[in-house]
There are 2 protein chains.
Amino acid sequence: MQKATADKSDPIAAQLAPVGRETVQDRVYLELRRALIGGLFEPSQVLTIRGLADALMTSTMPVREALGRLITEKALEALPNRSVRVPPITLERMDDLLRARILIEGEAIALAATRMTSRQITTIESMLGEWDEMRALKHKKDVDREVTLNQAFHFEIYRACGSAVLIPMIESLWLQSGPCIRVAIYAFSDAGEIDTAHYHRTIVKAIAAQDAKEARDALVADISRPFTFLRNKLEAEAKKGQSA
Amino acid sequence: MQKATADKSDPIAAQLAPVGRETVQDRVYLELRRALIGGLFEPSQVLTIRGLADALMTSTMPVREALGRLITEKALEALPNRSVRVPPITLERMDDLLRARILIEGEAIALAATRMTSRQITTIESMLGEWDEMRALKHKKDVDREVTLNQAFHFEIYRACGSAVLIPMIESLWLQSGPCIRVAIYAFSDAGEIDTAHYHRTIVKAIAAQDAKEARDALVADISRPFTFLRNKLEAEAKKGQSA
DNA sequence: TCAATGCAAGTGTGATCACAAATCAAATAA
DNA sequence: TTATTTGATTTGTGATCACACTTGCATTGA
């Protein structure tokens, strides 16, 4: 009954990899996605299919499909030259992104505030502790871990909103604002950072109290901060460049 | 200076086709997109790459890229078998979609209400007239044209919201609710239709008065109707199926 | 008659090739 | 020196091929 590639019909092995093996295309897509959310690509940077294929040690085929998907999500931009780049930062786009994020993530956290189980609340509380811990030993600014932890914290909440429609939209928004955020976080580090964990604590407290309005307000403050910070920075640079 | 393929550097010809020639991939993507929004595919219908490639008279390559893009937009669904289908309709998904559409399209129309130029308002007013005209000679129920006109009306408004972030999200939402809508419209036709143009008139009136709240309320009523109608129908069927 | 087995057609995935367009660089002319 | 042109390299796009997996049907066995 069993062919040479027998493992797949072995019930035990099947349980270890039950969801169907991952395709190269998905691996590439997730890899690029992670890089974009983490801000590993600079705004306006152009990406080539063959370049990425070499970097990811695969052929061009999975890369071009992944790029196409990211372009439809507006995470990347297709130039008329048919080359693709990560979208440049403009003030209009930042304001636009922030408004959309306030609208949608605010709704998601308001829904989640009345739906999170005590188990889930415990999880985000422990993330709070992990955040403090990382902040305590700040011998080196581990921006990567900061970004990752921030993402995990927010999406642990968003997942609890119970909407299979809103969550992908939020992911798309993070994908689009990833490059901006990274720039903003670096700017923060230079400028002597405010305690970002404060807002997170407020969020957890509000959710524990099932106070949807308070949770939404704290979230708005949390996600607005890097945007307004970066906005001020860009405006200052623009003014300086104008006078020079 | 000019090569043998001279036309592209001719300024006049360049103006006629300024955006770069269209790729087959984009044509296929737009074709499938149009079919999905128009509800030409049934819920749960499975699509094959080679089948679509034959139907669209191209190779498999552009089709697989288009399918990948539509899957990331949640307009299509990837089964663990690696086959793709248009997502089935469930009550939860409908409620989820409607809530998201109220949130986002409501915000978009509220923004548009204070930004539309008199030129744009004239455009949607004329669409109103076209709608009445079509409704007048209702010798045959031209569902396709009804869907197309409805789409044109709404997106003429949404485009005026001035957000390059919200509009793609709305397009994604229409893509996802397309199959449901088509089913609902057919159900309407059977059940003796309410005057859908009434809400559209209210919307135009509110926008002309720059009354954002009124416009949002009318829009919510407009897009809720087919959903609640279909919801009642599905619930009735479920109850009947349960008792039988 | 019905379940199990085995074969065949169909399908998605990834790699490679061919081609046209774009980009870049060097060489030439003004 | 500067601007223009020409040639080579790079790049995206579409087609085709090879392979593995799934699905469906027919044959075989009890």
Side-chain angles (χ1 to χ4, degrees), chain A residues 1-11 13-14 17-32 41 44-72 76-86, chain B residues 1-10 13-14 16-32 41 44-72 76-86:
Chain A
M1 179 189 187
Q2 298 183 358
K3 292 182 181 180
T5 62
D7 328 68
K8 69 163 194 298
S9 54
D10 176 6
V19 290
R21 78 208 168 294
E22 64 180 9
T23 67
V24 180
Q25 167 181 167
D26 288 339
R27 180 178 68 84
V28 170
Y29 173 71
L30 292 176
E31 203 86 24
L32 292 178
F41 296 132
S44 299
Q45 179 178 353
V46 309
L47 305 177
T48 65
I49 293 181
R50 286 177 173 89
L52 291 175
D54 289 347
L56 295 169
M57 305 217 302
T58 178
S59 79
T60 64
M61 186 60 51
V63 175
R64 50 200 283 193
E65 312 215 2
L67 287 187
R69 293 166 70 177
L70 290 168
I71 289 172
T72 65
L76 295 176
E77 193 179 31
L79 275 62
N81 326 339
R82 306 207 173 188
S83 59
V84 340
R85 69 171 177 185
V86 17
Chain B
M1 181 188 189
Q2 299 183 353
K3 291 183 180 178
T5 61
D7 328 65
K8 69 161 194 297
S9 52
D10 176 6
L16 289 179
V19 290
R21 79 208 166 295
E22 62 179 11
T23 65
V24 181
Q25 166 182 169
D26 287 339
R27 180 179 68 83
V28 169
Y29 173 71
L30 292 176
E31 203 86 25
L32 292 178
F41 295 132
S44 300
Q45 179 178 353
V46 309
L47 305 176
T48 66
I49 293 182
R50 286 175 173 88
L52 291 174
D54 290 347
L56 295 170
M57 305 217 301
T58 177
S59 78
T60 64
M61 186 59 51
V63 176
R64 51 200 281 193
E65 314 216 1
L67 286 187
R69 293 166 69 176
L70 290 169
I71 288 173
T72 65
L76 294 177
E77 193 180 31
L79 274 61
N81 326 339
R82 306 209 173 187
S83 59
V84 341
R85 68 170 177 185
V86 16

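Lettering of chains follows the sequences in order, A, B, ..., and the numbering in each one begins at 1.
- When the nucleotides D:dA15, D:dT16, C:dT13 are ranked by their closest atom to the side chain of B:I49, C:dT13 comes out on top.
- Residue B:T58 has a polar side-chain atom (N or O) positioned under 4.0 Å from OP1 or OP2 of D:dA15.
- Side-chain proximity of B:Q25 to D:dT16, C:dG12, D:dG14: nearest is D:dG14.
- Comparing C:dG12, D:dT11, C:dG14 by their closest approach to the side chain of A:T48 singles out D:dT11.
- The residue among B:N81 and A:G51 whose nearest nucleotide of DNA chain D lies closer to the 5′ end is A:G51.
- For a distance-only test at 3.5 Å, the side chain of B:R64 fails to qualify as a donor-acceptor partner of the base of D:dG14.
- Smallest separation of non-hydrogen atoms from A:R69 and B:T72: NE-CG2, 2.7 Å.
- Here the closest non-hydrogen pair linking B:M61 and B:E65 is O-CG, 3.1 Å.
- Considering only the side chain of A:S59, C:dG14 comes nearest among C:dG12, D:dT16, C:dG14.
- Comparing A:D26 and A:R50 by the nucleotide of DNA chain C whose heavy atom lies nearest to each, the residue mapping closer to the 5' end is A:D26.
- Atom P of nucleotide D:dT16 and atom CE of B:M61 are separated by 10 Å, given to the nearest angstrom.
- Within the nucleic acid shown, B:L47 comes within 4.0 Å of sugar-phosphate atoms alone, with no base atom in reach, counting heavy atoms only.
- Nearest heavy atom pair, residue A:V63 against residue A:I49, reads CG1-O, 3.8 Å.
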